[in-house]
Amino acid sequence: MNLRVNPMDNRYDPKRIEPKWQTVWDANKQFKVDEDPSREKYYLLEMFPYPSGKIHMGHVRNYTIGDVIARYKRMRGFNVLHPMGWDAFGMPAENAAIANNTHPAAWTYANIDAMREQLKRMGYSYDWDREFATCAPDYYKWEQWLFLKMLEKGMAYQGESYVNWCDTCQTVLANEQVEAGECWRCGNPVRQKKLTQWFFKISDYAEDLLEYCDRLAGWPEKVTTMQKNWIGKSMGAEIRFQVEDSDRAIDVFTTRPDTIFGATFMCLAPEHPLVRALSRGTGLEADVDAFVERMALQSRSDRMLENYEKEGLFIGAWCLNPMTGRRMPIYIANFALMEYGTGAVMSVPAHDQRDFDFAKKYGLDIVVVIRPYDTPVEQVARTEAYVEDGVLVNSGKFTDMDNKAAQEAITDYFEKNELGRKAVSYRLRDWGISRQRYWGAPIPVIHCESCGAVPVPEEDLPVVLPEDVDLLEGGRSPLETTEAFVQTTCPKCGGPARRETDTMDTFVESSWYFERYCSPHFDRGMFDTGAVGYWMPVDQYIGGVEHAVMHLLYSRYFTRVLKDIGLVDFKEPFTRLLTQGMVCKETVQCPEHGFLYPEETRYDGDQPYCGFCNQKAAVGRVEKMSKSKKNVIDPNVLLDEYGADTVRLFCLFAAPPERSLEWSEQGVEGGFRFLNRIWRLINHWHADIQKVRPFDGDPGELDGAAKKLFSKTHQTIKKVTTDIEERFHFNTAISAVMELVNAMYAAELDMAHAHSASVMRHAVESVILLLAPVVPHITEELWEALGNEPGKLSSAWWPAYREDATISETRLMVVQVNGKVRGRFEVSADADDDAIKEKAMADENVRRFTEGKDIKKIIVVKDKLVNIVV
RNA sequence: GCCUGGGUGGCGGAAUUGGUAGACGCAAGGGACUUAAAAUCCCUUGAGGCUGAGUCCUCGUACGAGUUCGAUUCUCGUCCCAGGCACCA
């Protein structure tokens with residue numbers, strides 16, 4: 001190889017360098033990949049964005065972390081799939097379209113263009129040939145196809161149920177989309193509404209999804225714990241309570257069958273089907289109906305209030321305690337939830353706080369059936385429910401039994417006598433996917449008056465979302481009134497029929513997009529099973545922790561459905577998961593103008609002033625960047641000022657990925673300074689090193705400053721490699737490179753010595769290679785300036801370290817006396833313990849602490865320290 | 001209330017298996033260069049103490065105990081912060 005001689009600018013100019021290399025990467029399709037069975041694959045995926053129009057710092061952080069890993073793995077020789085696309089359906093498009101008098105599609109595609117541009121400016125190494133938007137018919141066609149398969153298998157079904165309804169968004173929300181009683185999107189209160197909905201039967205997989213949580217070794221425990229809690233498995237019993245003077249019975253689910261002898265009344269959810277039936281003929285019908293009506297209107301946000309009062313109403317009927325025969329009045333209660341268990345609660349006021357409160361309010365009997373282990377039953381206080389373990393009392397033949405044992409024994413008794421059975425209950429609900437919105441994938445069903453809900457025949461897919469519609473104020477879906485779409489014929493009987501006008505929850509699109517990336521243009525199915533077989537599962541998935549439950553759980557569920565259909569042969573789509581922390585910044589508030597954007601603030605030292613009125617503004621707490629708090633930084637502004645490499649460097653250096661990142665203008669400045677420092681360093685050595693090859697001889701051939709630098713270089717390579725490989729701790733990896741750069745500045749190389757220049761070149765190349773994944777533009781430029789082939793850095797090999805060069809021949813030993821450091825000395829690596837002890841004892845300062853004292857013990861920790869115990 | 005994280009200098013953060021607490025960066029202070037400033041380069045920087053300003057001493061990783069020759073790291077208890085769940089029977 002002929003080493004070229006390339007000139008080098010004196011000044012680091014990202015504005016020139018960055019577009020240059022982005023153009024090269026684009027033109028070469030440098031990051032395009034194909035299946036190659038001869039190479040080990042690595043699928044790196046970041047959660048794709050909703051095309052809102054602009055990337056924000058959260059995206060920048062997420063995608064930077066991902067890009068560094070992708071580039072690193074490429075340098076390690078992996079065949080890396082690193083795609084990007086758009087989660088393009090969803091409500092903001094409709095709202096924006098109404099506000100700006102455009103079409104959601106036009107708005108969405110314009111946003112995609114703008115954001116793609118921004119991502120390219122960041123220098124991310126995507127295979128852009130795989131890009132797609134989920135709003136494209138050739139994407140959602142296959143989603144509709146899967147829906148039909150699920151319908152066939154009973155995995156998708158139509159059901160009538162109370163749903164979370166947002167009046168503002170005019171649509172249904174999944175439980176996961178309701179946050180503290182409010183809509184996750186618009187923040188308005190959510191109320192209960194009865195509607196016919198399409199559901200996916202995720203509950204069929206509750207147990208499997210739960211079980212596999214513990215096998216997701218590459219996931220943060222935090223996330224699997226959240227999923228486990230969300231699935232919410234409870235073990236208990238289902239028990240049948242006979243209604244007095246009736247052949248009806250009420251089934252309840254309880255986790256505390258051991259407290260059955262203390263059950264003194266029954267609570268039903270207002271929506272419970274027996275409520276009406278049992279209240280008939282009691283003279284209380286009118287009151288009961290009114291109560292049920294009122295509860296249905298009660299919004300979820302009301303129910304969430306702290307002071308939310310337990311309320312109930314006796315419905316005029318009794319049931320019988322199967323153990324004691326006691327007449328238990330039946331109530332409807334607002335705290336009983338129809339969605340959980342059987343919608344009926346056996347109330348044991350002595351041992352459940354809610355039941356206790358309810359009993360107190362309505363003057364119902366409280367019967368103690370468990371006493372604490374160390375308290376006789378007479379002394380049990382009755383100021384609150386006793387929910388701990390204890391010994392059964394007043395419980396017939398089970399009295400004196402430990403309550404844990406009694407749970408088993410009583411359940412067995414029920415099973416023998418056919419009064420109940422062991423039961424498991426999950427908190428997880430089926431996934432309601434119907435949305436009364438326009439901008440989503442149409443549900444491929446046709447409603448026929450004689451045939452009912454009929455699936456659209458496969459050959460008629462996709463059911464294309466019509467573009468020519470009139471968007472309506474208030475957000476009602478225009479599909480219902482678009483006759484050209486709605487009116488059709490029944491595929492079964494040929495008679496006139498109407499299309500389903502609901503569209504699918506956008507979480508459906510994001511539940512399989514990672515498979516689509518494997519063969520994004522495949523037109524004979526959801527994906528090419530060969531390609532998916534090669535690339536999937538995703539080796540490393542990266543995204544915000546806000547998707548810990550919904551998106552990740554749905555994706556795990558969909559993968560199971562695909563496996564059962566026979567399209568994939570794995571259950572878990574994401575082998576490793578990294579949830580990056582939030583990007584935060586302090587808020588600034590003017591007493592008159594409220595929160596201020598950074599560009600509306602003027603600083604005098606640390607003191608901000610309002611840009612409108614010049615008053616002193618108050619610095620608030622450090623919080624997650626959000627438009628409402630105006631503590632946001634626009635990535636474009638940073639790109640203009642510092643360039644992509646600086647932004648990338650700062651995002652990685654300021655904190656480890658999983659922790660939150662506090663924004664600091666000075667920190668960014670520091671990153672920029674570091675890049676300049678590297679530039680100047682290499683510029684300084686440029687002439688001396690461009691005609692030599694990096695030193696690759698034996699460390700034994702070196703001495704003095706050259707040897708030290710060579711050793712530091714290899715130590716740095718080792719440190720950076722393990723920091724990235726084992727824990728993605730880029731912050732410490734970068735600081736290691738900073739140390740090396742400092743050492744290079746300090747190195748007093750004797751240029752008369754034969755190896756000095758090549759040792760320096762080795763150090764320079766190492767810095768470039770180690771930083772290549774982090775700051776790809778400046779490193780490509782420097783790589784070229786050193787005479788290497790232009791544009792080839794991203795496919796260069798990650799540097800290797802030689803162990804023998806990382807180890808120095810002497811060790812710095814610390815001497816402690818009774819665990820306190822009293823001295824330190826250098827010792828050769830092969831010194832034996834006795835020699836080390838002797839040297840330690842000889843230390844002048846150590847002697848001051850050992851003189852005249854009994855030496856009890858001397859502990860020598862190899863290569864580290866000596867501790868003298870006196 | 002329950003479940004997860006977390007608490008280390010003026011600040012962001014290091015310390016990978018129990019072994020020199022504070023790497024690296026920021027900020028601050030000092031010096032060099034300059035007519036000057038910026039930029040750059042170098043030095044200092046946890047707090048306190050001092051007979052011999054040192055290869056010095058004491059204290060110090062939210063707080064209180066414990067295990068250990070030795071604890072930021074392990075155990076128990078307490079406090080605070082962040083996130084998640086929240087009438088789930």
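In what follows, every chain begins at residue 1, and chains take the letters A, B, ... in the order their sequences are listed. All values derive from a computational prediction rather than experimental measurement.
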Between [N] and [M], how far apart are the two [atom1] atoms, rounded to whole Å?
{"N": "B/rG70", "M": "B/rG60", "atom1": "P", "result": "15 Å"}
{"N": "B/rG19", "M": "B/rC33", "atom1": "P", "result": "46 Å"}
{"N": "B/rU73", "M": "B/rU68", "atom1": "C1'", "result": "13 Å"}
{"N": "B/rU17", "M": "B/rG7", "atom1": "P", "result": "16 Å"}
{"N": "B/rA71", "M": "B/rC63", "atom1": "C1'", "result": "16 Å"}
{"N": "B/rC3", "M": "B/rA28", "atom1": "P", "result": "45 Å"}
{"N": "B/rG48", "M": "B/rA36", "atom1": "C1'", "result": "41 Å"}
{"N": "B/rU8", "M": "B/rA62", "atom1": "C1'", "result": "10 Å"}

Could you tell me whether [X] contacts a base, only the sugar-phosphate backbone, or nothing, with contacts defined as non-hydrogen atoms closer than 4.0 Å?
{"X": "A/K228", "answer": "nothing"}
{"X": "A/S664", "answer": "nothing"}
{"X": "A/V821", "answer": "sugar-phosphate"}
{"X": "A/P656", "answer": "sugar-phosphate"}

[X]/[Y] ion pair, N-O < 4.0 Å:
{"X": "A/K404", "Y": "A/D258", "result": "no"}
{"X": "A/R256", "Y": "A/D352", "result": "no"}
{"X": "A/R11", "Y": "A/D13", "result": "yes"}

d([atom1], [X]; [atom2], [N]) in whole Å:
{"X": "A/N742", "N": "B/rC26", "atom1": "CG", "atom2": "C1'", "value": "14 Å"}
{"X": "A/R256", "N": "B/rA89", "atom1": "CZ", "atom2": "C1'", "value": "11 Å"}
{"X": "A/E546", "N": "B/rU4", "atom1": "CD", "atom2": "P", "value": "22 Å"}
{"X": "A/F849", "N": "B/rU55", "atom1": "CZ", "atom2": "C1'", "value": "12 Å"}
{"X": "A/R677", "N": "B/rC26", "atom1": "CZ", "atom2": "C1'", "value": "14 Å"}

Under the ring-ring contact (aromatic ring centres under 6.0 Å, His included) test, residues paired with [X] that sit two or more places apart:
{"X": "A/W679", "value": "A/Y12"}
{"X": "A/W663", "value": "A/F650"}
{"X": "A/H551", "value": "A/Y541, A/H547"}
{"X": "A/F265", "value": "A/F358"}

Contact list (N/O, under 3.5 angstrom) for nucleotides 27-30 of chain B vs protein:
unit_1: B/rA27; atom_1: OP2; unit_2: A/R673; atom_2: NH2; d: 3.2

Problem set entry | A/F730 and A/F653 aromatic centres sub-6.0 Å |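 Not close enough - the centres of the two rings lie 6.0 Å or further apart.
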Quiz: residues 576-585 of chain A side-chain donor-acceptor pairs under 3.5 angstrom, not counting sequence neighbours:
unit_1: A/R576; atom_1: NE; unit_2: A/Q540; atom_2: OE1; d: 3.2

Problem set entry | Syn/anti label of B/rG9 as read from its glycosidic torsion, with the cut at 90° from 0 |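 Syn, angle within 90° of zero.
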At less than 4.0 Å, is any side-chain N or O atom of [X] found next to OP1 or OP2 of [N]? Yes or no.
{"X": "A/N845", "N": "B/rC57", "value": "yes"}
{"X": "A/N229", "N": "B/rC2", "value": "no"}
{"X": "A/R680", "N": "B/rC41", "value": "yes"}
{"X": "A/T732", "N": "B/rG13", "value": "no"}
{"X": "A/R11", "N": "B/rA39", "value": "no"}
{"X": "A/R429", "N": "B/rC88", "value": "no"}

Problem set entry | Pairing partner (Watson-Crick or G-U wobble, both distances under 3.5 angstrom) of B/rC79 |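 Matched B/rC79 with B/rG7 under the 3.5 Å cut-off.
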Can a donor-acceptor pair be found between the side chains of [X] and [Y] at a distance below 3.5 Å?
{"X": "A/Y642", "Y": "A/E669", "result": "yes"}
{"X": "A/D251", "Y": "A/T342", "result": "no"}
{"X": "A/N742", "Y": "A/R677", "result": "yes"}

Problem set entry | Upstream residue (5' side of RNA chain B) when A/L661 and A/K820 are each assigned their closest nucleotide |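 Its nearest nucleotide being more 5', the pick is A/L661.
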For this session: Could you check A/H729 against A/V861 and say which one's nearest nucleotide on RNA chain B is further toward the 5' end?
Result: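 The residue mapped nearer the 5' terminus is A/H729.
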What are the atom names and distances for every N/O pair under 3.5 Å that joins the protein to nucleotides 44-52 of chain B?
none

Are there any protein N/O atoms within less than 3.5 Å of an N/O atom in nucleotides 8-12 of chain B, and if so, which ones and at what distance?
unit_1: B/rG12; atom_1: O2'; unit_2: A/A654; atom_2: O; d: 2.8

Exercise. With sequence neighbours excluded, what pairs up with A/T255 under the side-chain contact (heavy atoms from CB on, under 4.5 Å) test?
Worked result: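 side-chain contact (heavy atoms from CB on, under 4.5 Å) check on A/T255 returns A/S234, A/F253.
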Problem set entry | Partners passing side-chain contact (heavy atoms from CB on, under 4.5 Å) against A/D723 (at least two apart in sequence or in another chain) |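 Here the qualifying residues are A/K719, A/R727, A/T732, A/A733.
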For this session: Indicate for each nucleotide in nucleotides 64-79 of chain B, in 5' to 3' sequence, whether protein heavy atoms under 4.0 Å reach the base (B), only the sugar-phosphate (S), or nothing (-).
Result: -----BS---------
Problem set entry | Residues within residues 718-726 of chain A bordering RNA chain B, heavy-atom distance below 4.0 Å |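 Heavy-atom cutoff 4.0 Å gives A/K719, A/D723, A/E726.
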Exercise. Okay, side chain of A/R556, backbone of A/L209: is any donor-acceptor separation there less than 3.5 Å?
Worked result: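 Checking the backbone N and O of A/L209 against the side chain of A/R556, a donor-acceptor pair under 3.5 Å is found.
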Exercise. Nearest to the side chain of A/R354 - B/rC88, B/rA14, B/rC24?
Worked result: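 Within the option list, the nearest is B/rC88.
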